[in-house]
Amino acid sequence: MKITSNNLAFLPRAYAHCDVPCGVYEPDSMKWAALTCARLVEKLLALTAPNTDDKEAVLEYQNTVTRTIMVKEEYAEICKKQILILWTDYFKPEHLEKFPDLHTRIWMATKQCSIVKRTVNTEETAKLKKLVEEIASIFAESKK
Amino acid sequence: MNFFPFKRFVVEGESMLPAYRSGDCVLVFRWGNARPGDVVVFSKGGLTMIKRVAERIGDRLMVRGDNYSNSTDSLDFGAVPQGAVVGKVIAKY
């Protein structure tokens with residue numbers, strides 16, 4: 001019997017889906033968040049404090065620094081959350097057989113998110129990018 | 001209530017690859033009890049779902065998708081009571 005799209009439209013659907021309760025799992029969000037933190041730290045380090053006599057310039061500088069730090073804080077938290085989503089909802093016990101150090105990797109990466117919040121240091125942001133990239137590789141491997 | 005023993009569904013989603021793809025039609029037989037290894041269609045959280053039976057525990061079934069890395073299973077949403085099972089898949093076309 002030929003199944004036309006008309007026939008299919010009237011049949012009830014059986015979902016082989018992940019949408020209850022899980023979402024779509026992807027490694028891109030944590031990678032972009034780590035990259036954002038790195039860019040923001042570069043921006044912070046490139047700023048120079050103005051002459052303290054120039055009140056307006058000082059205020060503008062403080063405004064820029066504050067706003068940049070606010071976004072760094074936000075994206076370090078996003079990075080941490082995205083890593084944890086993969087850990088709690090995507091990775092399963094069976095993945096540990098192939099990736100026995102998975103828990104440690106997640107632990108160190110999420111800790112690094114906190115370090116990036118506390119510091120203004122390109123080495124720390126580079127380390128976060130590296131740790132996140134390694135977890136993204138494991139994610140890609142696990143999908144094969 | 002409809003006791004006709006067969007019911008057709010169209011599959012949507014990837015968690016039963018490679019056995020069942022999005023767009024596959026399946027024929028479900030509604031009588032009898034499903035066994036481990038059978039593919040069942042069941043109701044969960046308002047959705048009609050299709051998964052494979054991993055284990056029977058009393059009158060409940062533990063199910064999982066074949067496409068392991070892309071599916072949720074009973075570890076995530078609990079065992080399926082017999083009352084929620086529509087039937088087992090006996091044919092695909």
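By convention in this document, chain letters (A, B, ...) are assigned in the order of the sequence lines, proteins followed by strands, and residues within each chain are numbered from 1.
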### Contacting region of Val11(B) [heavy-atom separation from chain A under 4.5 Å]
both
### Task
Could you grab the distance from atom OH of Tyr15(A) to atom CD of Glu12(B), nearest 0.5 Å is fine?
4.5 Å
### Point-to-point distance, once rounded to the nearest 0.5 Å, from NZ of Lys92(A) to CZ of Arg64(B)
8.5 Å
For atom [atom1] of [X], decide whether the heavy atoms of other residues, nucleotides or ligands shown that lie under 6.0 angstrom number more than 12.
X         : atom1 : value
Glu60(A)  : CD    : no
Lys127(A) : NZ    : no
Phe139(A) : CZ    : yes
Lys43(A)  : NZ    : no

### Query
Are Leu11(A) and Cys25(B) close enough that some pair of their side-chain heavy atoms sits under 4.5 Å apart?
yes
### Query
Can you find a pair of side-chain heavy atoms, one from Pro12(A) and one from Lys7(B), that are under 4.5 Å apart?
yes
### Same cluster (ILVMFWY, side-chain, under 4.5 Å), Val41(A) and Val71(A)
no
